[in-house]
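Single-structure report; data block below.
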Amino acid sequence: MVSPLLTDLYQLTMAQGYLRSGRAQDRAVFHLLFRKLPFGGGYALVAGLEAVLELVETFRFEPDDLDYLGSLRTEDGSALFGADFLDYLRTLRLSVDIDALPEGTLAFGSEPLLRVQGNLIEAQLLETALLNAVNFPTLIATKAARICEAAGEESVLEFGLRRAQGIDGALTASRAAFIGGCSATSNVLAGKLYGIPVRGTHAHSWVMSFASESEAFEAYAEAIPNNCVFLVDTYDSLEGVRNAIRVGLRLRERGKRLLGIRLDSGDLAWLSNEARALLDAAGFQDAFIVGSNDLDEHLIASLKQQGTSITVWGVGTKLVTAYDQPALGGVYKLSMIGRDGGPLEPRIKLSEQAAKISNPGIQQVRRFSRNGKLVADAIFDEQHGCASPTVIVDPLDPTRRRKLAPDLDHEDLLVPAVRGGKVVAERPTLPAIQARAKAQLAALSPSVRRMLHPHEYPVGLTRELFAERVRLVEELRVHPER
């Protein structure tokens, strides 16, 4: 259960302000999105919807929450929150509608990942928690997808628990990494909670606690004969491989087998090839080599280009911490407001930076494809529909327009997740979400998936939505205090 106090203070002060200004029943539409793709890449992979649904299901201000809020004071010592507002929160039950991109869906800059419609106070109070629920897992799922892209058909194991950003960060990262394509985790609690396969054998300390490496391997093989992947680089990596082989031969005599070895330091390309030669010469052609040691997609790609014999990749710190980009940069923007029971009216945020001008309307994303391959995305306003043939416009460069053929296949990506405060979304298993992610990535051009200088996937506003945006910008430039 997530407390509704998992929010920024200004969400609550604004909510009190809305209540006291008679705006508790005003209607609003917000969209959660990011502007810039992470990691300098060509796509993002959405995760975090399950946390959103859990948040909605348990959204209640408990008595101790209200007691705490009632204890807060302003600079002059008076109560920050009045009895009227606390009474409002006491009986508050969500009635919002939320539409969302399913987990494992590809997303691009400026596309809404969530759309929230409902009364202004409720939609406002959800902002911070929704961003928290979606930003980090989407970042990690995307990072995992990039790492798995570099690894190709080889397994990637998520080994990041000890370096993750706290307990919640570790669990969220393990789940999101699996969505992004990792095959297993070292995180046992994540295995229990999410059904993710768990993998691991022993650490350097196991070897160091014995008089010799050979003795350590022998003891491990005796204790756990069906899980023998030996970490061979405690003292001398190639001698460690030889010791693993000697123990592996004795395992074979007992009807067991040496599953593999793990390299965690040194020149992984050279060492893995030398280890492969030793293993093959000893008859262990089926023993795999695990590589670890601060790996990411770039280092894995480099090692594969060097002809490494590593076939299983243990990736930790740089995956679970999103090492090269610590935040997704998601935002939550108001796009429609209905005052005093009146009709919804469009709203935008202006900025001196063109990229930060928001889009109006009740937005939806239509994804176009041909023969199962993605072609382009159109962001349109559901109030006006998506014309056919569809013309999309780059809002940062209106001269860049693209006409989409009317015979293209298409689907609208935002689907009902919450209606009237009640969860209505399908809740697929984690393997099903991972399968969706793999299918989505397979439908995306390799030129967009590549790590460095990817091709830009076409995304734009429909011509009609772009015209509405321009109208509002021009109106606000002339009458900023409308």
Side-chain angles (χ1 to χ4, degrees), residues 7-8 11 14 26-38 44 46-49 51-53 55-56 94 96-103 105-135 137-139 328-338 344-351 353-367 377-386 392-396 412-419 425 459-462 464-466 468-469 472-473 476:
T7 190
D8 293 305
Q11 308 291 6
M14 283 190 289
D26 283 4
R27 305 290 292 172
V29 181
F30 285 85
H31 295 88
L32 187 154
L33 61 131
F34 60 87
R35 299 186 183 101
K36 185 178 179 181
L37 288 162
V46 177
L49 179 58
V52 169
L53 301 181
L55 169 71
V56 169
L94 292 180
V96 296
D97 294 342
I98 300 176
D99 294 85
L101 268 60
E103 290 190 287
T105 301
L106 289 173
F108 304 91
S110 298
E111 296 182 342
L113 314 186
L114 297 177
R115 184 179 69 211
V116 180
Q117 301 182 74
N119 76 52
L120 182 57
I121 291 181
E122 291 180 29
Q124 191 73 69
L125 287 174
L126 286 172
E127 174 180 1
T128 299
L130 293 181
L131 285 165
N132 181 270
V134 172
N135 271 332
T138 295
L139 193 68
L328 179 65
V331 295
Y332 187 80
K333 294 301 178 185
L334 178 71
S335 65
M336 301 285 285
I337 193 74
L344 288 169
E345 298 177 359
R347 289 288 189 272
I348 63 169
K349 173 194 176 295
L350 288 187
S351 173
Q353 297 173 260
K356 289 193 172 183
I357 297 175
S358 63
N359 296 318
I362 302 174
Q363 297 163 39
Q364 174 63 277
V365 182
R366 180 162 292 182
R367 179 157 293 164
D377 287 4
I379 304 171
F380 68 96
D381 185 345
E382 284 196 340
Q383 298 173 109
H384 305 119
C386 189
I392 57 174
V393 184
D394 181 348
L396 301 183
D412 292 347
L413 299 184
L414 288 165
V415 298
V418 175
R419 287 292 180 267
V459 177
L461 308 182
T462 59
E464 298 77 14
L465 180 55
F466 178 73
E468 174 71 351
R469 184 178 190 259
L472 290 167
V473 169
L476 286 170

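Note that the structure is predicted; figures quoted are calculated from it, not measured.
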Can you name the closest pair of heavy atoms from [X] and [Y] and give their distance?
| X | Y | result |
| --- | --- | --- |
| P395 | R469 | CB-NH1, 3.5 Å |
| A44 | F34 | CB-CZ, 3.6 Å |
| L131 | Y332 | CD1-CB, 4.0 Å |
| P102 | V415 | CG-CG2, 4.0 Å |
| I379 | S110 | CD1-O, 3.5 Å |
| H31 | V29 | CE1-CG1, 3.7 Å |

Q: Could you go through the side-chain contact (heavy atoms from CB on, under 4.5 Å) check for L33 and N359 one step at a time?
A: CA-CA 11 Å; L33 61 131; N359 296 318; over 6 Å; no

Atom pair [atom1] ([X]) and [atom2] ([Y]), whose distance is rounded to the nearest 0.5 Å:
| X | Y | atom1 | atom2 | value |
| --- | --- | --- | --- | --- |
| R35 | K356 | CZ | NZ | 5.5 Å |
| L328 | T138 | CG | OG1 | 6.0 Å |
| Q363 | L414 | CD | CG | 9.0 Å |
| L101 | L106 | CG | CG | 9.5 Å |
| I337 | F30 | CD1 | CZ | 6.5 Å |

Is any side-chain heavy atom of [X] closer than 4.5 Å to a side-chain heavy atom of [Y]?
| X | Y | answer |
| --- | --- | --- |
| T7 | L125 | no |
| R366 | Q364 | no |
| R419 | D99 | yes |
| P360 | D381 | no |
| I362 | L344 | yes |
| L114 | L49 | yes |
| E382 | F380 | yes |
| R367 | E111 | yes |

Q | Modelled atom types, side-chain donor and acceptor of D8 and Q11, under 3.5 Å | A | no

Q. Can V52 and V418 be said to form a side-chain contact (heavy atoms from CB on, under 4.5 Å), step by step?
A. CA-CA 10 Å; V52 169; V418 175; 5.8 Å; no

Q: Using modelled atom types only, decide if a donor and an acceptor are shared between the side chain of T462 and the backbone of I392 within a distance under 3.5 Å.
A: no

Q) Quick one: does S358's side chain have a donor or acceptor within less than 3.5 Å of a partner on I348's backbone? A) no

Q: Taking salt bridge (Lys or Arg N to Asp or Glu O under 4.0 Å) as the test, write out the residues that go with D26, two or more places apart.
A: R23, R339

**Q.** Derivation and outcome, side-chain contact (heavy atoms from CB on, under 4.5 Å), residues M336 and Q383
**A.** CA-CA 11 Å; M336 301 285 285; Q383 298 173 109; 3.3 Å; yes

Q. Counting only heavy atoms not in K349, do more than 12 fall under 6.0 Å of its NZ?
A. yes

Q: May I have the step-by-step check of side-chain contact (heavy atoms from CB on, under 4.5 Å) for L32 and V116, ending in yes or no?
A: CA-CA 8 Å; L32 187 154; V116 180; over 6 Å; no

